[in-house]
Amino acid sequence: MTSDGTPDEATVLLRVHGSLARATLNRPRAINALDHGMVRVLADALTAWEKDERVSAVLLDGAGERGLCAGGDIRAIRASAVTGDRRAADFWRDEYHLNARIARYPKPYVALMDGVAMGGGVGVSAHGGVRVVTERSRVGMPETTIGFVPDVGGTYLLSRAPGETGTHLALTGTAVGAADAVYTGMADHYVPSEHLPELVRALSETVTEAHVVEVVGRFAQTAPAGDLASRRAWIDTCYAADTAEEIVARLRAHGDPEAAKAAETIEGKSPTSVKTTLAALRRARGLATLEEVLEQEYRVSTAALAWPDLVEGIRAQVVDKDRRPRWSPAALAEVADADVARAFDPAPDGPLGLAEPGAGTARTGP
């Protein structure tokens, strides 16, 4: 059984309709949060479907009305941090390998990012070749809220968003709608949710790999306007600062009410997470491939298991739900640069083995 009472064997539904292989994350009461077993099932399915000549494309979606996937099973991660065992590290190792596999999958990989797609949900969708959002989509990396750092390739995606928009989203943990998900490079197409069943039926027909984008394009529309493009003036100016403290100071001094709100939001997040996230984003910009960034994220993720803020942040958000975390250190200025730097030290169990010569990376579509 998973933590929400769903039988393990039912947490991912796998089937093939026509030329379309479909994986449905099936923990709706947990907004389809990923556990280790689900990661393994997805990885094995991708291997089988890659070899299956009947399959022209793969589609990922989520059960229920709330979303594709709310992230990883953070209760289990907290338990691992408390006991000091290897469960969280083993989960991340397999999850990050899955993220890299999705990015270079040789057949079209279509992700329906309807509703919530956050954290680990971004990892199994936004690296795919064809990424669909709807009017219900909320896409983001909220890790600084729980004393963690964006992972699953999130720092790769956000470090490559226009201007400093990715820095803004990462530090504040803000989730965005369809238009902004497309604008930042986390999605490709907007399709109203009412048309998703018809889209799936169309993809289920005998469709060659080259026709997948054409089929999705028949249903795609222009998304309702987003916010980030119109806010680039203050976002780019303020988030270009060298330190988190200076970013907050610029946001407060700018004069735009939205900038002031961003400053207040950042100051409510884990100071250790905010400063480490900023460093991870800046380092990710200098790394050429997703695989290299995932290697970096694994080092940071395993380091975070020793942070008091990870245990405390998850307690405040999902265990006790008092939304009153007691961060340690409590302020940005109290987080030592040396402590941030140590988060990038080699992982205790070594690298993932992804960033090797010739591994390459690409978001593969038709």
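Looking at Tyr96 and Ser301, their side chains do bring a donor and an acceptor atom within 3.5 Å of each other. For the 3.5 Å distance criterion, the side chains of Glu246 and Thr243 fail to qualify, holding no donor opposite an acceptor. Side-chain N/O atoms of Asp94 and His36 include a donor and acceptor closer than 3.5 Å. Looking at Thr83 and Asp85, their side chains do bring a donor and an acceptor atom within 3.5 Å of each other. Side-chain contact annotation: Tyr298 with Asp349, donor-acceptor N/O pair under 3.5 Å present. Side chain to side chain, Arg15 and Thr24 meet the donor-acceptor criterion of an N or O pair below 3.5 Å. For the residue pair Asp114/Thr134, the side-chain donor-acceptor check at 3.5 Å is satisfied. No side-chain donor-acceptor contact under 3.5 Å links Thr155 and Gln296. A donor-acceptor contact closer than 3.5 angstrom is absent between the side chains of Thr167 and Arg282. Side-chain atoms of Ser56 and Lys107 include no donor-acceptor pair closer than 3.5 Å.
Although no hydrogens or angles enter the test, the distance criterion places no donor-acceptor pair under 3.5 Å between the side chain of Ser80 and the main chain of Ala76. Put simply, the side chain of Arg323 gets close to the backbone of Gln317: a donor and an acceptor are under 3.5 Å apart. In this structure, the side chain of His254 does not engage the main chain of Ala249 through any donor-acceptor pair within 3.5 Å. Glu292 places a side-chain N or O within 3.5 Å of a backbone atom of Thr289 that can act as its donor or acceptor partner. Checking side-chain atoms of Arg160 against main-chain N and O of Ala284 turns up a donor-acceptor pair under 3.5 Å. In this structure, the side chain of Arg78 engages the main chain of Val311 through a donor-acceptor pair within 3.5 Å. Using a distance-only test at 3.5 Å, with no hydrogens or angles considered, no donor-acceptor pair links the side chain of Ser273 to the main chain of Thr144. Side-chain atoms of Lys275 never come within 3.5 Å of backbone atoms of Val340 as a donor-acceptor pair (strictly under, hydrogens ignored).
With hydrophobic clusters built from ILVMFWY side chains whose heavy atoms lie under 4.5 angstrom apart, Trp92 shares a cluster with Tyr156. Cluster membership for Leu305 and Val319, using ILVMFWY side-chain heavy atoms within less than 4.5 angstrom, is shared. In the hydrophobic clustering of ILVMFWY residues, with side-chain heavy atoms under 4.5 Å counting as a link, Tyr183 and Val176 come out together. Hydrophobic clustering places Leu98 together with Ile77 (ILVMFWY residues linked when any side-chain heavy atoms are closer than 4.5 Å, directly or through intermediates).
In this structure, Leu281 and Ser159 approach most closely via the heavy-atom pair O-CB, 3.7 Å. What you find for Ile102 and Gly123 is that their closest heavy atoms are CD1-O, 4.1 Å. Nearest heavy atom pair, residue Gly120 against residue Leu34, reads O-CD1, 3.8 Å. Heavy atoms only, all atoms of each residue included: Thr277 and Pro150 are closest at OG1-CD, 3.3 Å. Ser328 and Asp309 get closest at one heavy-atom pair: N-OD1, 2.9 Å. Closest heavy-atom contact between Val122 and Gly140: CG2-O, 3.6 Å.
Between Arg101 and Glu291, none of the side-chain N atoms (NZ, or NE/NH1/NH2) sits under 4.0 Å from a carboxylate O, so this pair counts as no salt bridge. Between Asp73 and Arg75 there is no salt bridge, since no side-chain N of the basic residue sits under 4.0 Å from a carboxylate O of the acidic one. Using a 4.0 Å cut-off between charged nitrogen and carboxylate oxygen, Arg315 and Glu312 count as a salt-bridge pair. For the pair Glu245 and Arg250, the salt-bridge criterion is not met [side-chain N within less than 4.0 Å of a carboxylate O]. Between Arg252 and Glu264 no salt bridge is recorded (no basic side-chain N to carboxylate O distance below 4.0 Å). We find that Asp61 and Arg22 are joined by a salt bridge, their nearest charged nitrogen and carboxylate oxygen being less than 4.0 Å apart. A salt bridge is absent between Arg299 and Glu295: the closest approach of a Lys/Arg side-chain nitrogen to an acidic carboxylate oxygen does not fall below 4.0 angstrom.
Enclosure of atom CG in Asp322 by more than 12 non-hydrogen atoms of other residues, nucleotides or ligands within 6.0 angstrom is indicated.
Side chains of Gln221 and Val191 form no contact here, defined as non-hydrogen atoms less than 4.5 Å apart. At least one side-chain heavy atom of Thr272 sits less than 4.5 Å from a side-chain heavy atom of Pro329.
Seen from the ring of Phe91, Arg93 does not count as a face-on cation partner, given the 6.0 Å and 45° thresholds.
Every side chain to side chain contact (heavy atoms under 4.5 Å, CB included) that Ala111 has, sequence neighbours left out, goes to Tyr109, Met113, Ser125.
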Between Leu112 and Leu68, does the side chain to side chain contact (heavy atoms under 4.5 Å, CB included) criterion hold? Intermediate values first, please.
CA-CA 7 Å; Leu112 302 186; Leu68 171 68; 5.8 Å; no
Mind running side chain to side chain contact (heavy atoms under 4.5 Å, CB included) on Thr165 and Leu158 for me, showing each step along the way?
CA-CA 8 Å; Thr165 55; Leu158 294 177; over 6 Å; no
Residues Arg285, Glu164; criterion salt bridge (charged side-chain N to carboxylate O under 4.0 Å, His left out); working and verdict
CA-CA 12 Å; Arg285 285 178 179 171; Glu164 295 289 344; 2.9 Å; yes
What verdict does the side chain to side chain contact (heavy atoms under 4.5 Å, CB included) test give for Thr11 and Met38, after you've listed the backbone C-alpha separation in whole Å, the side-chain angles of each residue and the deciding distance to 0.1 Å?
CA-CA 6 Å; Thr11 55; Met38 295 167 74; 3.4 Å; yes
Worked verdict on Thr145 versus Lys269 for side chain to side chain donor-acceptor pair (under 3.5 Å):
CA-CA 5 Å; Thr145 304; Lys269 306 302 182 184; 2.8 Å; yes
Test side chain to side chain contact (heavy atoms under 4.5 Å, CB included) on His97 and Leu354; report intermediate values, then the result.
CA-CA 7 Å; His97 273 269; Leu354 289 172; 3.6 Å; yes
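Atoms CG and CD, on Asp35 and Glu95 in that order, are 10.5 Å from each other to the nearest 0.5 Å. In this structure, CG in Leu290 is found 4.0 Å from CG in Leu294, a value given to the nearest 0.5 Å. Atom-to-atom distance recorded for Glu267:CD and Trp327:CH2 is 14.0 Å, nearest 0.5 angstrom. With values rounded to the nearest 0.5 angstrom, Ser204 atom OG is found 4.5 Å from Leu20 atom CG. For the atom pair CD of Glu143 and CG of Leu310, the computed distance is 10.5 Å after rounding to the nearest 0.5 Å. Atoms OG and CG, on Ser193 and Leu199 in that order, are 12.0 Å from each other to the nearest 0.5 Å.
Ring pair Tyr239/Trp234 is tilted by interplanar angle, where 30° to 60° counts as tilted.
In summary, of the residues considered (Asp151, Leu169, Leu157), a side-chain contact (heavy atoms from CB on, under 4.5 Å) with Met141 occurs for Asp151 alone.
Within the structure, every pair that satisfies the salt bridge (charged side-chain N to carboxylate O under 4.0 Å, His left out) test and touches residues 221-232, not counting sequence neighbours, is listed here: Arg231-Glu258, Arg232-Asp236.
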